[in-house]
Amino acid sequence: MTHTSPQPDSPAPERFPVVVLGAGPAGLTVANALRAASVDCLVLETESREFVEQRPRAGVLEEPVVRGLERRGLAGNLLQRAGRHTACEFRFDGAAHRLVYADLTEHHHFVYPQPLLVTDLIREYADVRGGALRFEVRDVTLHDTDTDHPSVSYVCPETGRRRLVHCDFVAGCDGARGVSRSVLTARHARIARHDYGIGWLALLAETPPSADCVLFGVHPRGFAGQMPRSPEVTRFYLQCPPGDDPENWPHERVWSELRRRLAAAGTPPLAEGKLLEKRVLDMHDYVVEPMAADRLFLAGDAAHLTAPIAAKGMNLALHDAFLLGDALVAYLTAGDDSGLAGYSAACLRRVWDYQEFSQWLSDVYHGAASGDPYRAGTTLARLRRLFASPAAASAFVEQYLGTADHY
């Protein structure tokens, strides 16, 4: 919760117009927007620079998000190095069914792992633009965020002493476990949560992808997915019970299930390789509403979580950051508060739309393995319609690529 400002241990309090909590994609994008407008800010991150630049996370970026980064001068490496996905493939009933985006739209997906994007954003903010960024801070506490003179205190990792920073605004981009969400929900907001009742075994394998696009395997034994990350590394998912132990999935079992669930006539066998990562994700969503109160604004996972079912998490975080960064710049440089006043409502329109799409897609992915003949039948009906109706295919691609109009 928010506290009255303490007396710092040492040295004298600092002041920045904005304190950004969290050095992930959302926080760093907000910080870069502020620096580009010559507005000073301080980014506080509880982990080390090495950790956040190597933390394995999402890698699928919508084209509108990439264009937003490009307009802000933040996509140079991305545009040079990112892969482009121009199709996806559903595998069900023993056959492969491909959706080619170019047949339906002018858009596509970019594939650029989050660690690379975070590395780019840190370098641009701290090394190129000279922004203030402090890693490995401890015990971050917010103070007086319901007044016009908020502040943030934290324990300095070098000295062990508490330092105090006065500011005009706090941008809470510190994720699901950060302090920002708990402060906002303690007094101003509610959390709406949805649990899918399923788990995904998330796998990172040292092997080239076995197809040139994302694969979605809809199978009575459970969903399976392949998401290419690079020519040498591939992300896989396997549906499993929630709370399952990754140790229940040795190498042989993983590859046996992937081969079975992604099997389709006329397709090459999966390339097998060393498993670099195994962890179980319990599929759930949540939304904090509203996403702002007084001088505290949330962005990214601090405000909402979308299960990786539709690859929307990092995209939503960056959409938030574009709106929040622009709104803060408008207020701090021109006194225009319209962006800040409308920030939460504008973000939540997209958030709820993506939540609904994720829930719809979950029904498609998991219905065949539900054990319910009715759900299994309607799942196959949806899939068949997707490949029989250009209108249904266009609607899916518009939502999946993130090109729908949300405003």
Trainee: What verdict does the ring-ring contact (aromatic ring centres under 6.0 Å, His included) test give for Tyr400 and His109, after you've listed the backbone C-alpha separation in whole Å, the side-chain angles of each residue and the deciding distance to 0.1 Å?
Mentor: CA-CA 9 Å; Tyr400 186 56; His109 267 151; 4.8 Å; yes
Trainee: Just by distance, do the side chain of Arg187 and the backbone of Asp146 share a donor-acceptor pair under 3.5 Å?
Mentor: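 Not a single qualifying donor-acceptor pair exists.
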Trainee: Does some side-chain heavy atom of Val137 sit less than 4.5 Å from a side-chain heavy atom of Val155?
Mentor: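 They are not in contact (no side-chain heavy atoms under 4.5 Å apart), so the answer is no.
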Trainee: Please confirm whether the backbone N or O of Leu262 pairs with a side-chain atom of Arg91, one donor and one acceptor, at under 3.5 Å?
Mentor: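 Yes; at least one donor-acceptor contact below 3.5 Å.
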Trainee: Phe110: which residues meet the ring-ring contact (aromatic ring centres under 6.0 Å, His included) condition with it, sequence neighbours left out?
Mentor: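 With neighbours one apart ignored, the set is His108.
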Trainee: Should Thr29 and Leu121 count as side-chain neighbours, where that means a heavy-atom distance under 4.5 Å?
Mentor: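 Yes, close enough: below the 4.5 Å cut-off.
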Trainee: Taking Asp363 for the side chain and Arg375 for the main chain, is one N or O donor matched with an acceptor at less than 3.5 Å?
Mentor: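 No.
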Trainee: Can you tell me if CZ on Arg177 sees more than 12 non-hydrogen neighbours from other groups inside 6.0 Å?
Mentor: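 Open.
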Trainee: Got a list of side-chain donor-acceptor pairs under 3.5 Å for residues 15-27, not counting sequence neighbours?
Mentor:
unit_1: Arg15; atom_1: NH2; unit_2: Asp168; atom_2: OD1; d: 2.5
unit_1: Arg15; atom_1: NH2; unit_2: Asp168; atom_2: OD2; d: 3.0

Trainee: Hey, can you pull the donor-acceptor pairs under 3.5 Å for the side chains in residues 64-71, sequence neighbours left out?
Mentor:
unit_1: Arg67; atom_1: NH1; unit_2: Glu70; atom_2: OE1; d: 3.1

Trainee: Return yes if some donor-acceptor pair links the side-chain N/O of Ser394 with the main-chain N/O of Ala391 below 3.5 Å, else return no.
Mentor: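 Not a single qualifying donor-acceptor pair exists.
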Trainee: My understanding is that only residues two or more places apart in sequence, or in another chain, count here; which of them pass ring-ring contact (aromatic ring centres under 6.0 Å, His included) with Tyr125?
Mentor: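 Expected list: none.
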Trainee: Partners of Tyr331 by ring-ring contact (aromatic ring centres under 6.0 Å, His included), sequence neighbours excluded?
Mentor: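 In terms of ring-ring contact (aromatic ring centres under 6.0 Å, His included), with neighbours along the sequence ignored, Tyr331 is linked to Phe169.
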Trainee: Is it true that the side chains of Glu62 and His319 contain a donor and an acceptor less than 3.5 Å apart?
Mentor: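 There is such a pair between these side chains.
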Trainee: Side-chain donor-acceptor contacts of residues 277-292 below 3.5 Å, not counting sequence neighbours, with atom names and distances?
Mentor:
unit_1: Glu277; atom_1: OE1; unit_2: Arg235; atom_2: NH1; d: 2.6
unit_1: Glu277; atom_1: OE1; unit_2: Arg235; atom_2: NH2; d: 3.3
unit_1: Glu277; atom_1: OE2; unit_2: Arg279; atom_2: NE; d: 2.9
unit_1: Lys278; atom_1: NZ; unit_2: Trp249; atom_2: O; d: 2.8
unit_1: Asp282; atom_1: OD1; unit_2: Gly243; atom_2: N; d: 2.8
unit_1: His284; atom_1: ND1; unit_2: Asp282; atom_2: O; d: 3.0
unit_1: Asp285; atom_1: OD1; unit_2: Ala307; atom_2: N; d: 2.8
unit_1: Asp285; atom_1: OD2; unit_2: Tyr196; atom_2: OH; d: 2.5
unit_1: Tyr286; atom_1: OH; unit_2: Asp301; atom_2: O; d: 2.5
unit_1: Glu289; atom_1: OE1; unit_2: Arg190; atom_2: NH2; d: 3.2

Trainee: Please say which of Phe92, Trp360, Phe216, Tyr237 ends up in a ring pair (Phe, Tyr, Trp, His ring centres under 6.0 Å) with Tyr365.
Mentor: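 Result: among Phe92, Trp360, Phe216, Tyr237, Phe216 is the only option passing the ring pair (Phe, Tyr, Trp, His ring centres under 6.0 Å) with Tyr365.
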Trainee: Are any non-hydrogen side-chain atoms of Asn77 and Arg123 less than 4.5 angstrom apart?
Mentor: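 Yes, side chains in contact.
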Trainee: May I ask you to test the Ile309-Trp200 pair for a side-chain heavy-atom distance under 4.5 Å?
Mentor: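 The answer is yes, as the side chains (C-beta and beyond) meet within the 4.5 Å cut-off.
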Trainee: For Thr207, is there any backbone N or O sitting under 3.5 Å from a side-chain donor or acceptor partner on Thr234?
Mentor: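 Yes, the answer is positive, given that a donor and an acceptor are paired below the 3.5 Å cut-off.
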Trainee: Answer yes if the side chains of His251 and Glu272 hold a donor-acceptor pair under 3.5 Å, and no otherwise.
Mentor: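 A donor-acceptor contact under 3.5 Å links the two side chains.
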